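Take a look at the structure set out below.
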Number of protein chains: 2
Amino acid sequence: MEEVRRRDREGTRQRILDAARQLFAELGYEHVTMRLIAAEADANIALINRYFGSKRELFAEVLAMQGRFPGVLEGPREELPRRLAEYVADRLGSDLGSPVMTALSRSSASPEIHDIIKDRVNSAIMEPLVVLLPGEDARLRAVIATALIAGASTLHRLYGPEALGSPAREAVVARLTRVFEVCLEG
Amino acid sequence: MEEVRRRDREGTRQRILDAARQLFAELGYEHVTMRLIAAEADANIALINRYFGSKRELFAEVLAMQGRFPGVLEGPREELPRRLAEYVADRLGSDLGSPVMTALSRSSASPEIHDIIKDRVNSAIMEPLVVLLPGEDARLRAVIATALIAGASTLHRLYGPEALGSPAREAVVARLTRVFEVCLEG
DNA sequence: CAAGTTAGTAGACGTGCGTTTACTTCGTCA
DNA sequence: TGACGAAGTAAACGCACGTCTACTAACTTG
């Protein structure tokens with residue numbers, strides 16, 4: 001019983017995009033192969049380049065599709081450290097990394113996508129953060145905060161969800177909040 | 001005029017090791033090829049596996065050859081945040097990343113070397129740091145500090161030595177010192 | 001000085017990658 | 001209904017990688 005495949009350009013394109021998003025977040029650019037994406041999307045490999053041009057361009061589209069940190073940078077300024085802390089704590093403890101964090105932690109891994117990631121980090125994190133920070137050395141403070149976010153992703157990859165041992169989420173958030181406060185204060 | 005090469009097992013082995021150390025620190029495990037190491041060491045590619053077994057084992061030997069953070073974890077406990085801050089600030093501003101930081105920021109990039117890096121991070125950073133931290137949640141605090149170190153390496157890779165803009169080194173060290181203090185305090 | 005050991009070399013092997021080509025099949029519309 | 005555009009497919013392309021093999025030549029030893 002061969003299943004007859006319906007022809008559905010937009011649907012197939014979307015399946016590929018979703019599969020790529022998940023796989024890039026999970027494995028990083030380098031270890032995701034075209035064949036893996038095709039298999040996960042249940043689509044033919046040739047369709048990926050037909051719809052997206054190349055692996056690199058597909059990656060760029062996956063990154064572009066992500067918003068900024070969803071809901072982290074928006075909101076009252078004085079609660080920004082806490083929102084960042086919760087974001088990092090939740091990502092550290094979860095099974096799946098966030099695409100932005102993962103991309104960030106792989107940053108310069110591939111020269112091929114270095115510029116794509118740099119632009120994305122700039123527009124999604126660094127620039128919005130600099131704008132939010134009053135006072136001197138805003139850039140310095142934004143970089144330190146971003147480094148903490150990126151490093152959390154790296155350690156998540158290295159140790160898995162159990163990286164922190166087993167303190168209560170609230171203890172983690174409290175500690176991270178204070179760290180981010182010191183990072184960001186003017 | 002062909003130069004006649006002298007036979008020098010230990011010398012060649014050392015040239016390979018040095019070349020590998022520099023290249024791994026600069027490019028990361030994945031983007032260093034055996035041929036690149038051989039060219040940089042001015043040695044035949046087959047000698048690498050003759051002396052080290054495999055690329056993976058060469059990488060392990062390069063990591064093993066690095067001490068812990070040189071001089072960072074040793075010294076008075078109360079100055080630890082400042083020493084970490086200086087280490088990170090200097091690495092951020094320099095042209096070349098440290099092998100340990102680079103390896104850390106590439107951590108889970110390659111499943112092939114995941115365990116090697118994990119062991120190295122544990123023995124070089126995490127465990128010594130946990131031992132130095134009194135009070136509760138030592139693991140949590142060590143992980144946050146390590147994340148900051150790893151993330152700094154990632155951003156160094158992404159933005160180069162100019163990542164921070166151009167504040168004075170002392171301003172960078174001062175800010176980082178306070179951040180590490182909050183990371184580490186009991 | 002002859003034989004043996006071993007550092008050093010050239011080149012191929014198999015694999016997996018991103019990409020491309022040539023083709024088949026589905027759906028639509030004149 | 002038949003022609004045509006486009007969605008989907010199978011298979012191959014060229015390339016770069018880590019690894020390995022067969023060989024050459026330098027040094028050592030009796």
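As the structure is a computational prediction, the values presented were derived from the model and not from experiment. No hydrogens, no waters, no symmetry mates; every other heavy atom, side chains included, goes into these values. Note on naming: letters A, B, ... go to the chains in the order of the sequence lines (proteins, then strands), and numbering restarts at 1 for each one.
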Next on the checklist: Looking at B/A89, is its backbone amide N or carbonyl O close enough to the side chain of B/R169 to form a donor-acceptor pair, meaning the two atoms are under 3.5 Å apart?
Outcome noted: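 No: the side chain of B/R169 does not pair with the backbone of B/A89.
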
Item to check | B/A85 backbone acceptor or donor facing B/R175 side chain under 3.5 Å | outcome: no

Item to check | 5′-ward residue of the pair A/N44/B/G53 relative to DNA chain D | outcome: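 Residue closer to the 5' terminus by nearest nucleotide: A/N44.
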
Rounding to an integer number of Å, can you tell me how far [X] [atom1] sits from [N] [atom2]?
{"X": "B/I45", "N": "D/dC20", "atom1": "CD1", "atom2": "C1'", "result": "10 Å"}
{"X": "A/E30", "N": "D/dC17", "atom1": "CD", "atom2": "P", "result": "12 Å"}
{"X": "B/E57", "N": "D/dT19", "atom1": "CD", "atom2": "C1'", "result": "12 Å"}
{"X": "A/N49", "N": "C/dT19", "atom1": "CG", "atom2": "C1'", "result": "6 Å"}
{"X": "A/D8", "N": "D/dG8", "atom1": "CG", "atom2": "C1'", "result": "12 Å"}
{"X": "B/M34", "N": "C/dA10", "atom1": "CE", "atom2": "C1'", "result": "16 Å"}
{"X": "B/L36", "N": "D/dA16", "atom1": "CG", "atom2": "P", "result": "14 Å"}
{"X": "A/E112", "N": "D/dA16", "atom1": "CD", "atom2": "P", "result": "13 Å"}

Checklist entry - Does the D/dA6 base have a donor-acceptor partner in the side chain of A/R9 within less than 3.5 Å? => result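 For A/R9, whose side chain was compared with the base of D/dA6, there is no donor-acceptor pair (under 3.5 Å).
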
Checklist entry - Less than 3.5 Å between a donor and an acceptor, one on the side chain of A/R35 and one on the base of C/dG16, is that the case here? => result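 When only heavy-atom distances are counted, A/R35 does not reach the base of C/dG16 through any donor-acceptor pair under 3.5 Å.
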
Closest approach to the side chain of [X], judged atom by atom: which nucleotide of [options] is it?
{"X": "A/S54", "options": "C/dT19, D/dC20, D/dC27", "value": "C/dT19"}
{"X": "A/R50", "options": "C/dT19, C/dA7, D/dG8", "value": "D/dG8"}
{"X": "A/Y51", "options": "D/dA26, C/dG18, D/dA7", "value": "D/dA7"}

Checklist entry - How long is the span from the CG atom in A/L80 to the OG1 atom in A/T177, to the nearest 0.5 Å? => result 10.5 Å

Next on the checklist: How long is the straight-line distance from CZ of A/R13 back to CD1 of A/I48, given to the nearest 0.5 Å?
Outcome noted: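 Answer for the CD1-CZ pair, A/I48 versus A/R13, is 12.0 Å.
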
Item to check | Electrostatic pair B/R82:B/E170 at N-O distance under 4.0 angstrom | outcome: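 Looking at B/R82 and B/E170, the cut-off is met.
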
Checklist entry - A/T33 or B/A46: which one's nearest nucleotide on DNA chain C is closer to the 5' end? => result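 Result of the comparison: B/A46.
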
Next on the checklist: Does a side-chain N or O of B/T12 approach OP1 or OP2 of C/dG8 to a distance below 4.0 Å, or not?
Outcome noted: yes

